[in-house]
Peer 1: 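Here's a structure for you.
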Amino acid sequence: MKKVICLLLAAVLPAVFISSCKAKQKKYSATKIMMTTVVTVTLYGGSEEILEGAIGLCESYEKLFSRTVPSSDISNINESGGAATAVSPDTAELINKGLEISLRSGGAFDITVLPLSLLWDVQHSAAPPDDASVKDALKTVGFENVSVNGNEVTLKNDASIDLGGIAKGYIADKVAEYLRSEGVKSAVINLGGNVVVLGEKSGKPYTVGIQKPFAGQGEAMLTLALSDKTAVTSGIYERYFEYDGKIYHHIIDPATGKPSESDVASVTVICDSSCIADGLSTACLVLGMEKSAELLKSYGAEAVFINRNSEYSVTDGLTVDTTGTLPMIALK
Ligand code: AMP
Ligand code: MG
């Protein structure tokens with residue numbers, strides 16, 4: 001377990017660091033391994049009870065959305081054999097959001113990619129699967145196989161659902177909503193790199209680091225100045241194996257059934273909704289930088305791309321200040 005926690009910390013901590021200026025308000029912080037990642041919630045102001053409430057919220061959502069938790073809504077849907085399955089309103093809402101991004105990204109994002117993720121199993125595999133197996137797994141993939149009618153979800157064509165590309169963002173939004181309703185004015189919610197910041201810290205925007213792809217633990221390449229926004233990163237360096245000099249990572253291109261081969265090594269999406277940013281970051285990684293522009297624009301989202309040569313570029317709504325040690329990116 002210790003090894004697992006260290007690996008998780010290594011995977012997540014590099015992506016985010018928080019500026020260290022002194023807070024006037026009392027700090028409450030909790031870190032927990034959840035949703036196969038490291039979850040940290042930090043409040044400036046509030047109380048221990050509010051913090052516990054935030055962590056409790058993450059736990060209850062994980063029980064609904066995880067495909068590996070028996071009797072979660074997603075397990076029930078996947079085991080239904082195609083029968084209509086009643087789910088909680090939150091699950092129905094999240095699936096609908098996932099379907100919308102699937103549609104608007106032209107299928108680059110697809111919540112039915114699960115058979116391919118299981119086939120590639122990049123955390124345990126040492127070599128790619130054969131083409132026939134990929135072709136076979138592709139047969140059940142297609143978001144059009146999912147229909148939501150009120151709070152009932154139905155799958156056809158033996159499809160199965162995995163919300164791993166969007167659920168953390170949805171949960172981060174819900175935690176932010178809860179903290180605001182409790183009167184918390186300044187906080188950072190970090191669900192394994194899905195970051196939401198509430199307000200500012202000591203009158204200044206929070207500083208969030210963007211990990212240099214494939215670099216050492218905690219090595220930021222860029223920094224982001226953020227207040228009352230979310231930033232979500234998807235990266236090919238997060239989970240992968242290398243075979244014959246090629247990287248096989250965890251984000252699958254549903255068009256090929258293989259890990260995306262776009263020019264993008266990492267993409268960080270910045271907008272108001274963490275759920276949208278989460279779905280978009282996964283989609284943009286598949287689409288590549290050029291094809292992502294229209295999709296991002298349609299959601300009013302901004303993004304920072306790092307390509308496979310470690311060169312970065314930003315969308316039109318962002319500015320870059322290069323006078324410091326690391327480039328500092330902010331919304332215009
Ligand atoms: P993220 O880290 O948010 O980009 O999500 C990656 C996770 O989303 C993977 O571990 C899979 O569970 C799932 N996933 C992989 N490829 C896709 C895809 N093309 N569309 C939607 N979800 C995906
Ligand atoms: Mg995502």
Side-chain angles (χ1 to χ4, degrees), residues 4 7-8 11 35-37 62 65-70 72-82 85 94-95 98-99 101-103 105-146 153-168 192-193 213-214 234-267 278-279 281-288 308:
V4 172
L7 283 172
L8 288 169
M35 306 178 237
T36 62
T37 193
E62 182 178 18
F65 302 151
S66 169
R67 67 170 179 81
T68 54
V69 170
S72 72
D73 276 354
I74 301 307
S75 297
N76 290 342
I77 296 169
N78 287 345
E79 286 158 19
S80 67
T85 307
L94 176 52
I95 293 176
L99 289 175
I101 296 183
S102 299
L103 191 66
S105 66
F109 186 82
D110 193 316
I111 58 171
T112 66
V113 89
L114 179 61
L116 290 164
S117 299
L118 294 175
L119 178 69
W120 283 89
D121 190 16
V122 298
Q123 276 176 293
H124 305 103
S125 303
D130 56 60
D131 285 350
S133 310
V134 171
K135 212 170 152 194
D136 201 41
L138 265 169
K139 284 181 189 155
T140 66
V141 175
F143 64 91
E144 62 283 352
N145 292 321
V146 185
V153 182
T154 311
L155 299 179
K156 59 177 190 200
N157 195 24
D158 287 332
S160 46
I161 292 180
D162 173 17
L163 301 175
I166 191 169
K168 285 200 286 290
F214 302 107
S234 289
I236 64 170
Y237 57 87
E238 286 168 351
R239 292 172 192 185
Y240 70 96
F241 68 87
E242 211 170 331
Y243 180 81
D244 237 355
K246 199 168 161 181
I247 300 288
Y248 294 93
H249 58 88
H250 69 306
I251 298 179
I252 306 290
D253 182 347
T256 62
K258 300 177 180 179
S260 149
E261 294 190 16
S262 77
D263 51 345
V264 182
S266 99
V267 50
D278 193 357
S281 67
T282 309
C284 291
L285 203 133
V286 173
L287 286 171
R308 291 185 185 230

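None of these values were measured; they are calculated from a predicted model. FYI, side chains are in, hydrogens and waters are out, and symmetry mates aren't considered; it's all heavy atoms of this structure.
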Peer 1: Could you tell me whether Phe241 and Tyr248 have their ring centroids closer than 6.0 angstrom?
Peer 2: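 Judged by ring-centre distance (under 6.0 Å), Phe241 and Tyr248 do meet the cut-off.
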Peer 1: Measuring from Thr140:OG1 to Leu114:CG, what's the distance to the nearest 0.5 Å?
Peer 2: 8.5 Å
Peer 1: OG1 of Thr282 to NE2 of His250: how many Å apart, nearest 0.5 Å?
Peer 2: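 Going from the OG1 atom of Thr282 to the NE2 atom of His250 covers 7.0 Å.
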Peer 1: Quick one: closest heavy-atom pair of Ile161 and Ile74, and the distance?
Peer 2: O-CG2, 3.5 Å
Peer 1: Check whether any side-chain heavy atom of Lys258 lies under 4.5 Å from a side-chain heavy atom of Asp131, and answer yes or no.
Peer 2: yes
Peer 1: Output yes when a side-chain donor or acceptor of Trp120 lies under 3.5 Å from a complementary backbone atom of Val134, and no otherwise.
Peer 2: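 No.
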Peer 1: Rounded at 0.5 Å granularity, tell me how far CD1 in Ile251 sits from OG in Ser281.
Peer 2: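 Ile251 atom CD1 to Ser281 atom OG measures 7.0 Å (nearest 0.5 Å).
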Peer 1: Please check this pair: side chain of Glu242 against backbone of Ile247, looking for a donor-acceptor N/O pair closer than 3.5 Å.
Peer 2: no
Peer 1: Enter the distance from Ile111:CD1 to Ile166:CD1 here, rounded to the nearest 0.5 Å.
Peer 2: 8.0 Å
Peer 1: Please check this pair: side chain of Ser260 against backbone of Leu285, looking for a donor-acceptor N/O pair closer than 3.5 Å.
Peer 2: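 Checking the backbone N and O of Leu285 against the side chain of Ser260, a donor-acceptor pair under 3.5 Å is found.
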Peer 1: Tell me if a side-chain donor or acceptor on Asn145 pairs with a main-chain N or O of Gly142 at a distance below 3.5 Å.
Peer 2: yes
Peer 1: How close do Val113 and Pro254 get, heavy atom to heavy atom, and via which atoms?
Peer 2: CG2-CG, 4.3 Å
Peer 1: Check whether any side-chain N or O of Ser66 sits under 3.5 Å from a backbone N or O of Glu62 as a donor-acceptor pair, and report yes or no.
Peer 2: no
Peer 1: Closer than 3.5 angstrom, by distance alone: can the side chain of Asp110 be matched with the main-chain N or O of Ser102 as a donor-acceptor pair?
Peer 2: no
Peer 1: How close do Gly107 and Phe143 get, heavy atom to heavy atom, and via which atoms?
Peer 2: CA-CE2, 3.8 Å
Peer 1: Would you say that Ser262 contacts Leu287 through its side chain, given a criterion of any heavy-atom pair below 4.5 Å between the two side chains?
Peer 2: no
Peer 1: What pair of heavy atoms forms the shortest contact from His249 to Val122, and how long is it?
Peer 2: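 Distance-wise, the nearest heavy atoms are O-CG1, 3.4 Å.
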Peer 1: Can you tell me how far OG of Ser160 sits from CG of Leu155, rounded to the nearest 0.5 angstrom?
Peer 2: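 Nearest 0.5 Å value for the CG-OG distance: 7.5 Å.
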Peer 1: On a heavy-atom basis, which atom in Lys168 and which in Asp278 lie closest, and how many Å separate them?
Peer 2: N-OD2, 3.6 Å
Peer 1: Rounded to the nearest 0.5 Å, what separates atom CG in Asn76 from atom CZ in Arg67?
Peer 2: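 Atom-to-atom, Asn76:CG and Arg67:CZ are 15.0 Å apart.
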Peer 1: Looking only at atom types and distance, does a side-chain atom of Ser75 sit under 3.5 Å from a main-chain N or O of Val69, one as donor and one as acceptor?
Peer 2: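 Yes, the answer is positive, given that a donor and an acceptor are paired below the 3.5 Å cut-off.
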Peer 1: Would Thr85 and Thr154 count as a side-chain contact (heavy atoms from CB on, under 4.5 Å) if you check the C-alpha gap in whole Å, the side-chain angles of each, and the deciding distance to 0.1 Å?
Peer 2: CA-CA 6 Å; Thr85 307; Thr154 311; over 6 Å; no
Peer 1: Walk me through it: do Ile77 and Ile95 pass the test side-chain contact (heavy atoms from CB on, under 4.5 Å)?
Peer 2: CA-CA 11 Å; Ile77 296 169; Ile95 293 176; 3.7 Å; yes
Peer 1: For Phe65 and Ser72, what are the C-alpha separation, side-chain angles and deciding distance, and is it a side-chain contact (heavy atoms from CB on, under 4.5 Å)?
Peer 2: CA-CA 6 Å; Phe65 302 151; Ser72 72; over 6 Å; no
Peer 1: Check for a donor-acceptor pair, side chain of Ser125 on one end and backbone N or O of Asp121 on the other, with a separation under 3.5 Å.
Peer 2: yes
Peer 1: Before accepting this row, confirm whether a basic side-chain N of the pair Glu261/Lys246 lies closer than 4.0 Å to the acidic partner's carboxylate O.
Peer 2: yes
Peer 1: Any ion pair linking Asp130 and Lys135 (charged N to carboxylate O, less than 4.0 Å)?
Peer 2: no
Peer 1: Looking only at non-hydrogen atoms, find the nearest pair between Phe109 and Ala283 and report the distance.
Peer 2: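 Closest approach of Phe109 to Ala283, heavy atoms only: CB-CB, 3.9 Å.
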Peer 1: Tell me whether the count of non-hydrogen atoms from other residues, nucleotides or ligands lying under 6.0 Å of CG in Asp158 goes above 12.
Peer 2: no
Peer 1: Between the main-chain N or O of Lys139 and the side-chain N or O of Asn157, is there a donor-acceptor pair closer than 3.5 Å?
Peer 2: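 Side chain of Asn157 to backbone of Lys139, a donor-acceptor pair under 3.5 Å: yes, one is there.
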